[in-house]
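For reference, the structure is listed below as structure tokens.
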Amino acid sequence: MELFSYTACRQLSQMFVAISFFHCSEYVLAATLHGKSNVSFKSLLISRHYIMAMILSIVEYIIEISLFPGIKQYWVISNYGLLMVVIGEIIRKMAIITAGRSFTHLIKVHHEEHHKLITHGVYRFVRHPSYSGFLIWAVGTQIMLCNPISSLGFAYVVWRFFAERIPYEEYFLKQFFGTQYIEYTCRVPSGIPFIK
């Protein structure tokens with residue numbers, strides 16, 4: 001049975017390691033930056049929609065490896081996806097570490113004293129490097145599995161999520177930091193394609 005082949009074992013184990021590392025490291029960084037008492041299950045970034053997307057991607061994988069095992073054998077594509085996972089993870093974690101206490105998983109609607117505008121490090125290149133990293137990571141997980149449908153689906157859904165989130169978040173950032181933030185948006189791209 002193809003589900004227990006070397007290909008399936010390698011690709012699925014890489015997927016589970018990527019997911020586990022991503023969520024555990026998000027939790028550890030949130031606890032380190034904001035204190036364990038200020039961290040909740042939400043800091044793991046696991047929602048009902050996210051769980052459904054991951055389940056659907058595994059279902060796609062199982063169906064395709066059972067019916068069309070050859071499409072999972074494109075190691076160049078799978079390895080490219082693995083590289084995207086690693087690069088996305090590094091970009092996101094660099095963003096979190098660079099922002100320090102100014103980074104939160106939930107959008108702040110009230111300015112806090114420790115909240116500063118971060119424009120150095122990876123924030124010199126893109127305004128939302130944690131979002132860029134997550135987009136690269138999420139799509140990479142599906143390319144790593146050679147999941148054509150989920151690759152496109154994840155790209156669209158994650159892009160759409162950020163297309164709605166970035167304007168909302170930037171509304172408050174403009175309120176907090178005024179012209180300093182507006183000038184920053186003129187110099188530095190968002191980091192998500194087609195979102196100004």
Side-chain angles (χ1 to χ4, degrees), residues 1-30 43-98 103 105 121-123 125-166 189-195:
M1 182 172 187
E2 292 297 326
L3 193 54
F4 299 105
S5 67
Y6 170 77
T7 300
C9 290
R10 177 183 167 196
Q11 289 171 330
L12 290 174
S13 64
Q14 287 173 338
M15 174 73 162
F16 291 123
V17 168
I19 291 170
S20 299
F21 182 81
F22 177 85
H23 293 289
C24 291
S25 62
E26 290 283 320
Y27 184 86
V28 168
L29 281 173
S43 297
L44 287 172
L45 301 179
I46 299 173
S47 68
R48 190 182 56 180
H49 293 102
Y50 176 82
I51 291 170
M52 285 303 300
M54 287 299 176
I55 289 171
L56 288 174
S57 77
I58 298 301
V59 168
E60 175 187 353
Y61 186 86
I62 291 169
I63 290 170
E64 288 173 354
I65 199 162
S66 298
L67 299 177
F68 315 105
I71 70 169
K72 302 300 182 188
Q73 298 290 336
Y74 293 104
W75 290 110
V76 171
I77 293 172
S78 184
N79 289 338
Y80 181 73
L82 177 59
L83 181 63
M84 288 176 67
V85 167
V86 172
I87 289 169
E89 185 77 48
I90 290 168
I91 292 170
R92 182 163 172 90
K93 295 316 186 265
M94 284 174 56
I96 294 170
I97 292 166
T98 301
F103 182 90
H105 289 112
V122 291
Y123 291 86
F125 307 106
V126 292
R127 295 191 312 270
H128 300 283
S130 68
Y131 298 166
S132 302
F134 183 78
L135 177 62
I136 294 165
W137 179 88
V139 174
T141 62
Q142 299 312 303
I143 292 173
M144 182 175 65
L145 293 177
C146 296
N147 275 355
I149 297 167
S150 291
S151 293
L152 295 172
F154 273 49
Y156 175 73
V157 169
V158 173
W159 178 87
R160 185 172 168 116
F161 174 79
F162 290 133
E164 293 173 7
R165 183 179 175 106
I166 287 173
S190 72
I192 302 294
F194 311 111
I195 300 175

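Note: hydrogens, waters and symmetry copies are ignored here, and every other heavy atom, side chains too, is used. Keep in mind that what you see is a predicted model, and the values were worked out from it rather than measured.
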[X] side-chain N/O to [Y] backbone N/O, donor-acceptor pair under 3.5 Å:
X      : Y      : result
Asn147 : Gln142 : no
Lys72  : Ala8   : no
Trp137 : Val86  : no
Thr98  : Gly121 : no
Ser57  : Met54  : yes
Ser25  : Phe22  : yes
Thr141 : Ala138 : yes

query = Can you name the salt bridge (charged side-chain N to carboxylate O under 4.0 Å, His left out) partners of Arg160, sequence neighbours left out?
reply = Glu164
Quick one: closest heavy-atom pair of [X] and [Y], and the distance?
X      : Y      : answer
Ala95  : Tyr123 : O-OH, 3.1 Å
Gly191 : Val126 : CA-CG1, 3.5 Å
Pro193 : Trp159 : O-NE1, 2.6 Å
Phe162 : Ile195 : C-CD1, 3.9 Å

request  = To the nearest 0.5 Å, tell me how far Glu2 CD sits from Glu64 CD.
outcome  = 13.0 Å
query = Quick one: CG on Leu67 to CD1 on Ile65, what's the gap to the nearest 0.5 Å?
reply = 11.0 Å
task = Using distance alone, with no hydrogens and no angle criterion, decide if Glu60 and Ser150 have a side-chain donor and acceptor under 3.5 Å apart.
result =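 Their side chains do contain a donor-acceptor pair, which is all the 3.5 Å distance test asks for.
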request  = Examine the side chains of Tyr131 and Arg92 and answer whether a donor and an acceptor come within less than 3.5 Å of each other.
outcome  = no
request  = Evaluate side-chain contact (heavy atoms from CB on, under 4.5 Å) for Ile143 paired with Leu82, printing each intermediate quantity in order.
outcome  = CA-CA 8 Å; Ile143 292 173; Leu82 177 59; over 6 Å; no
request  = Please assess Met144 against Met15 for the test side-chain contact (heavy atoms from CB on, under 4.5 Å), listing each intermediate value before the final yes or no.
outcome  = CA-CA 8 Å; Met144 182 175 65; Met15 174 73 162; 4.2 Å; yes
message = For Val139 and Val158: C-alpha separation, side-chain torsions, deciding distance, then whether side-chain contact (heavy atoms from CB on, under 4.5 Å) applies.
response = CA-CA 9 Å; Val139 174; Val158 173; 5.8 Å; no
request  = Apply side-chain contact (heavy atoms from CB on, under 4.5 Å) to the pair Gln14 and Phe16, showing each step before the final yes or no.
outcome  = CA-CA 6 Å; Gln14 287 173 338; Phe16 291 123; over 6 Å; no
key: Within the 6.0 Å centroid threshold, strictly below: His23 and Phe21   = no
